[in-house]
Undergrad: 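Quick one: the structure is below, and I'll ask about it shortly.
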Amino acid sequence: MANIGKIGVFTSGGDSPGMNAAIRSVVRTCAYLKVECVGIYRGYQGMIEGDFKPMDARSVNNIINKGGTILKSARCKEFRTKEGRQKAYDNLRKEGIDAFVVIGGDGSFTGAMIFNQEFHFPIIGIPGTIDNDIFGTTFTLGFDTALNTVVEAIDKIRDTASSHNRLFFVEVMGRDVGHIALNAGVGAGAEEILIPEENLGRERLLESLKRSKESGKSSSIVIVAEGDKTGKNIFELKEYVEENFPDYDVRVSVLGHMQRGGSPSCYDRVLASRMGVKAVEALLQGKTNLMVGVQDNELILTPIHKAIKGHTKIDKELIRVSDIMSI
Ligand code: F6P
């Protein structure tokens, strides 16, 4: 057992549903193993300001079902400076914190890795982002919930699209990967899915929409990942289709930040609970610089520099499924 008596936990970067369930699991695992736990507010910014609060099993009552993060999150420029990281380190030592669990994405892990290199401070990462773009885990916390949120939104858009025989372009999040667009697109029965991992061109899109119309489809949904490069942006795509395919009445819907909210799905709650236990146990076993992930439903530990540098591959088999489904 490593000589760790007090563990810090915080959330960093874009929030995601399931972060609260992960916080709850880290805090309760510490309580169960008789290790003190401290909540660090607003990520690295709170670490630099010493914004800490001791947490016990009761501190995390009734949060497993809540979206967002009770510890708040922030993007912190000061932590990119050695002075900022020194302030953070001094605060952690003053508080008696021996290690921390960072719940966030690759940007948050990069900061934790540099912090460990400079101060040899034990860190373990839990992948919390709706983008599902972190190497070393099949699923990141929040991805499953975001998919369900997007599918529900598209089902609603489909109601009005079919009532008015309209074509809708729907933009979804995912930064520069297309996992949300592809999976939610198949789940919602989108006619076309545009993702950054593929660029089949606007002409092909137009041909496909014409074929759909000729085959009797009176309305269509095209999912566009925000990182997609088929057009300059979703509004330019709309104009292009209006100019070249006047048959269609075209509208745009940008789903935006509602994809980051909502009560986490059961899958995300269970995954978060499992990952929190694994993270605390890894620290107590003297491990560091690792990210907890899930693969074939087993929890695994990946060196955090690989999680940061690695890339998640788009599911080619699912792309084929989506092509077949949109006949
Ligand atoms: O990384 C999660 C994410 O929601 C991305 O999908 C999106 O591009 C980005 O965060 C938005 O960042 P912000 O919340 O800072 O606008």
Side-chain angles (χ1 to χ4, degrees), residues 10-22 41-46 66-80 102-112 125-154 169-185 187-188 193-197 223-235 252-265 268 271-272 291 293 304 307-312 314-315:
F10 63 98
T11 47
S12 173
D15 68 308
S16 73
M19 282 189 163
N20 277 328
Y41 283 86
R42 295 174 295 117
Y44 294 116
Q45 192 60 44
K66 299 252 181 324
T69 159
I70 61 167
L71 293 178
K72 311 289 182 192
S73 183
R75 302 184 197 278
C76 176
K77 285 199 173 57
E78 195 179 353
F79 196 75
R80 293 185 188 161
V102 47
I103 304 164
D106 50 4
S108 308
F109 292 166
T110 301
I126 290 180
T129 170
I130 64 167
D131 299 344
N132 211 45
D133 59 347
I134 299 183
F135 179 80
T137 187
T138 308
F139 298 112
T140 56
L141 290 184
F143 177 59
D144 181 60
T145 304
L147 290 183
N148 290 307
T149 300
V150 169
V151 165
E152 276 170 40
I154 295 169
F169 282 102
V170 181
E171 183 183 280
V172 297
M173 283 185 159
R175 205 179 288 276
D176 49 16
V177 298
H179 301 304
I180 294 176
L182 179 57
N183 285 270
I193 302 169
L194 305 183
I195 54 177
E197 293 85 351
I223 304 281
V224 185
E226 62 178 338
D228 175 64
K229 300 283 178 286
T230 306
K232 255 208 321 283
N233 57 51
I234 197 164
F235 298 99
V252 167
S253 182
V254 177
L255 297 187
H257 283 70
M258 53 94 80
Q259 298 165 85
R260 292 248 289 266
S263 178
S265 64
D268 276 332
L271 182 60
M291 181 198 77
I304 209 152
I308 294 164
K309 293 266 173 299
H311 294 286
T312 53
I314 199 75
D315 186 337

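Read the numbers this way: they start at 1 and go in the same order the structure lists the ligands and their atoms.
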Undergrad: After noting the C-alpha distance and the side-chain angles of D15 and T11, does the key distance pass the side-chain contact (heavy atoms from CB on, under 4.5 Å) rule?
TA: CA-CA 8 Å; D15 68 308; T11 47; over 6 Å; no
Undergrad: Which of the numbered atoms in ligand 1 are under 4.0 angstrom from any heavy atom belonging to E226?
TA: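 Once the distances to E226 are compared, the set is 5 (C), 6 (O), 7 (C), 8 (O).
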Undergrad: Which option out of V172, T140, I180, D131 puts a heavy atom nearest to atom 2 (C) of ligand 1?
TA: D131
Undergrad: Answer whether the closest heavy-atom distance between the side chains of N132 and I180 falls below 4.5 Å.
TA: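 A side-chain contact is absent here, since even the closest heavy-atom pair is not under 4.5 Å.
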Undergrad: Could you check, using the six-membered ring where one of them is a Trp, whether Y44 and F10 have ring centers closer than 6.0 angstrom?
TA: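 Close enough - the centres of the two rings lie under 6.0 Å apart.
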Undergrad: Report yes or no: does a heavy atom of R75 sit under 4.0 Å from some atom of ligand 1?
TA: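 R75: in contact with ligand 1 (<4.0 Å).
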Undergrad: When you measure from atom 11 (C) of ligand 1 to every protein heavy atom, which one gives the shortest distance, and what is it?
TA: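 It is R260 NH1, 3.6 Å.
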Undergrad: Which residue and atom name correspond to the protein heavy atom nearest atom 9 (C) of ligand 1, and how close is it?
TA: R175 NH2, 3.7 Å
Undergrad: With heavy-atom distances below 4.0 Å as the criterion, list the atoms of ligand 1 near H257.
TA: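 Every atom of ligand 1 under 4.0 Å from some heavy atom of H257: 13 (P), 14 (O), 16 (O).
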Undergrad: Show the nearest heavy-atom pair for residues G178 and A225, with the distance to one decimal.
TA: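 Heavy atoms only, the tightest pair is CA-CB, 4.3 Å.
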Undergrad: Measure up the F143 and H179 rings against each other and bin them: parallel (under 30°), tilted (30 to 60°), perpendicular (over 60°).
TA: perpendicular
Undergrad: Do S253 and I154 come close enough that some side-chain heavy atom pair is under 4.5 Å?
TA: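 Side-chain contact under 4.5 Å: no.
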Undergrad: Looking only at distances, can you tell me whether any N or O atom of G174, backbone or side chain, sits closer than 3.5 Å to an N or O atom of ligand 1?
TA: yes
